[in-house]
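Reviewing the structure listed below.
In what follows, chains carry the letters A, B, and so on, assigned in the order in which the sequence lines appear, proteins first and then strands, with residues in each chain numbered from 1.
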Amino acid sequence: MSTQKRTVIHWFRKGLRVHDNPALIKACDTVRSNPTVYCLRPIFILDPDLLKWLKVGANRWRFLQESLQQLHENLTKINSRLYVVRGNPTTVFPKIFENWNVVQLTFETDIEPYSVKRDNDVEVKAFEHGVMVYQFASHTIYNPQLVLQKNGDKAPVTYQKFMSIVEKIKVSAALDVPEKLPKATIPSNDSEENQNNKCYDVPALNELISDKSLLGPRKFPGGETEGLNRLKRYLKDTEYICTFEKPNTSPNSLEPSTTVLSPYLKFGCLSSRLFFHKLNEVLKKNPKHSKPPTSLLGQLMWREFYYTAAASDPNFDKMIGNKFSYQIPWQENKTYLEAWSHGKTGYPFIDAIMRQLRQEGWIHHLARHAVACFLTRGDLWISWEEGQKVFEELLLDADWALNAGNWMWLSASAFFYKYFRVYSPVAFGKKTDPEGKYIKKYCPELKNYPAGIIYEPWKASLNSQKEYGCVLGKDYPNRIVIHETIHKENLSKMAEAYKLNKQLKDNVNDTSKKRKIENPKSSSKKMKK
DNA sequence: GGTTAGTTGATATG
DNA sequence: CATATCAACTAACC
């Protein structure tokens, strides 16, 4: 035992990459400082209990599995490997701290409440075992805590305000992949384990999912190499980068009209900071280009915006107790929710989007707008939290901060307040796909409906429906609500809810003013001066 | 207190 | 394709 090396652990959670990974670099530097004493073990912890209750759809499990596989390959290239440890982090760590003679632990910080608690617990255990812990904020371009601090310890609630703060913050360069480690850093002293360390292998897909029938086509393979290649492919297209304006991209093109880099950013397969710098290199060479908030760089900044807000409120994913969210009396409706989430609302545009989501794990941002508005303030009057849960399960890029923030935006619960702007489940999609090709792809039962009527099949006579081979109520659902009337009813419900929220706010302001008057501690000081 | 601006609505009209 | 209207929101700033 006396000859056992001291182990340096880098703990991967998000940030599944070897490029631009400051915590991994720190770990490698420690090892390189004295390779005869230190060895590196990069780990990923797979919690079998989480598999049971975590709402992660099959497509995202596959994306994670592929990301771990590529991470393992990329670590092998620097003479290391990935150790996938099965167990719960707080119980696993004390064991490996002892078994592996651990002296140092590095990881990337996270702002999600579950992660914050977990990391605090692990830090305590590390302290008890005399393990040094180093954390780095590298999931976002700007450290959310720093932005909060620069804004007087509160979140900027408008994009412009956010931008005015971060524009003054210098973004340091992205880091390279760590240099190759000395060969000897792979531990050989783990006697109780078999030689190949098979128990630490990257899980096969069937360890993560039980029902492979839920897997859709593999349109966006997971992993660092995939993410970097995808970035490269888009960076080459200077014209695309410089003219990109989100509102002008199509929500219902058959192939994505946007980059689909979001799943890679979510898992940290791609560094947002690298994306930021690479993007700026292209923009610098081409002074005439689109600008935030609609530009590609602007999209990246929205991610930062939501991360900062989310970091300031552990209830960011709930309506009640959320300092950003208006309180709106949404109503439960299991039938409507089921119809929405499985693409059976009877509105072909909405249903096509929801089916694409379930099959492929990605839908265009504006398509998310359309279905989110439909579920909440537009038509079904169901809480944004319900929609959030469905997205959380099905999106490859589901991200706690962005998902909640965007749901609040679309339901006009926070950040966005022009609730009278309602997306039409009929008209919106027609603008970019008048033929309804997208609908025909994802709702093939409607494939014989002509362009003029495919967005509103209820307008077809029964005879026509029979002629098109798709009778409503039998082959495709009747629409569950009448948008033309219900969106107006909902509009007045929103107006009512807004009034109440305003009153509530005024009352709070009044009482705090009164308190100041009744108990003028701070102002008395001023008066003395 | 008043004004202005806010990533991405729909519709009617010229 | 551009603009006004619909009914009228909020946060930030002066």
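- The side chain of A:Trp302 sits closest to B:dT7 out of B:dT7, C:dT10, B:dT11.
- For A:His369, the listed nucleotide lying nearest its side chain is B:dT8; candidates were C:dT10, B:dT8, C:dA12.
- A donor-acceptor pair under 3.5 Å links the side-chain atoms of A:Gln299 to the main chain of A:Pro293, judged by distance alone.
- Among B:dT8, B:dA10, C:dA11, the nucleotide with an atom closest to any side-chain atom of A:Val157 is C:dA11.
- To the nearest whole angstrom, the two C1' atoms, one in B:dG6 and one in C:dA8, are 14 Å apart.
- Closest to the A:Lys246 side chain, of the nucleotides B:dT7, C:dA11, C:dA8, is B:dT7.
- Contact annotation: A:Lys431 reaches the phosphate of B:dA10 (side-chain N/O to OP1 or OP2, under 4.0 Å).
- Only one option out of A:Val481, A:Val371, A:Ile480 pairs with A:Thr345 in a side-chain contact (heavy atoms from CB on, under 4.5 Å); it is A:Ile480.
- Between A:Lys55 and A:Glu393 there is a salt bridge, since at least one side-chain N of the basic residue sits less than 4.0 Å from a carboxylate O of the acidic one.
- Regarding A:Asn248, its CG atom lies at a distance of 16 Å from the P atom of B:dT7, rounded to whole Å.
- For the pair A:Arg303 CZ and B:dT7 P, the computed distance is 19 Å after rounding to whole Å.
- With distances taken from any side-chain atom of A:Tyr159 to the nucleotides C:dA12, B:dG9, B:dT7, the minimum falls on B:dT7.
- In this structure, A:Tyr417 does not reach the B:dG6 phosphate: none of its side-chain N or O atoms is under 4.0 Å from OP1 or OP2.
- Taking 4.0 angstrom as the limit, A:Gln160 places a side-chain polar atom (N or O) nearer than this to OP1 or OP2 of B:dT7.
- Residue A:Lys418 has its side chain nearest to B:dG6 when only C:dC13, B:dG6, B:dT7 are considered.
- Electrostatic pairing of A:Arg303 and A:Asp399 does not count as a salt bridge here, judged by no charged N lying under 4.0 Å from a carboxylate O.
- A:Arg60 and A:Glu360 are not joined by a salt bridge, as no carboxylate oxygen comes within less than 4.0 angstrom of a charged side-chain nitrogen.
- Taking atom CG of A:Leu410 as the reference point, atom P of B:dT7 lies 14 Å away to the nearest angstrom.
- Side-chain nitrogen and oxygen atoms of A:Arg421 include none within less than 4.0 Å of the OP1 or OP2 phosphate oxygen of C:dC9.
- Among the heavy atoms of the strands lying under 4.0 Å from A:Tyr326 are primed sugar atoms or P, OP1, OP2 only; no base atom is included.
- Ion pairing between a basic and an acidic side chain is recognised when a charged N comes within 4.0 Å of a carboxylate O; A:Glu66 and A:Arg218 show such pairing.
- Counting non-hydrogen atoms under 4.0 angstrom, A:Lys502 reaches the backbone sugars and phosphates but no base.
- Under 4.0 Å is where a charged nitrogen must lie from a carboxylate oxygen, and between A:Lys459 and A:Glu456 at least one such pair does.
- Spacing between atom CD of A:Glu484 and atom P of B:dA10 amounts to 13 Å, rounded to whole angstrom units.
- The separation between A:Tyr419 atom OH and C:dA8 atom P is 6 Å, rounded to whole Å.
- Here A:Phe415 lies out of heavy-atom contact (under 4.0 Å) with every strand.
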Dot-bracket, 5' to 3', for DNA chain C please: Watson-Crick or G-U pairs under 3.5 Å, [ ] where pairs cross earlier ones, | where the partner sits on another strand, dots elsewhere. ||||||..||||||
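- What separates CZ of A:Phe420 from P of B:dG6 is a distance of 15 Å, to the nearest Å.
- Relative orientation of the A:Phe162 and A:Tyr159 rings is tilted, given thresholds of 30° and 60° on the angle between their planes.
- Among B:dT8, B:dT11, C:dC13, the nucleotide with an atom closest to any side-chain atom of A:Lys161 is C:dC13.
- By the 30° and 60° cut-offs, the orientation of the rings of A:Phe391 relative to A:Trp340 is parallel.
- Set against C:dA11, C:dC9, B:dT8, the side chain of A:Tyr498 has C:dC9 as its closest nucleotide.
- The CE atom of A:Met494 sits 12 Å away from the C1' atom of C:dT10 (whole-angstrom rounding).
- Distance A:Tyr423 OH to B:dG9 P: 5 Å, rounded to the nearest Å.
- When the P atom is used for both C:dC13 and B:dT7, the distance is 13 Å, rounded to whole Å.
- Annotation: B:dG2 and C:dA7 have their P atoms spaced 24 Å apart (nearest Å).
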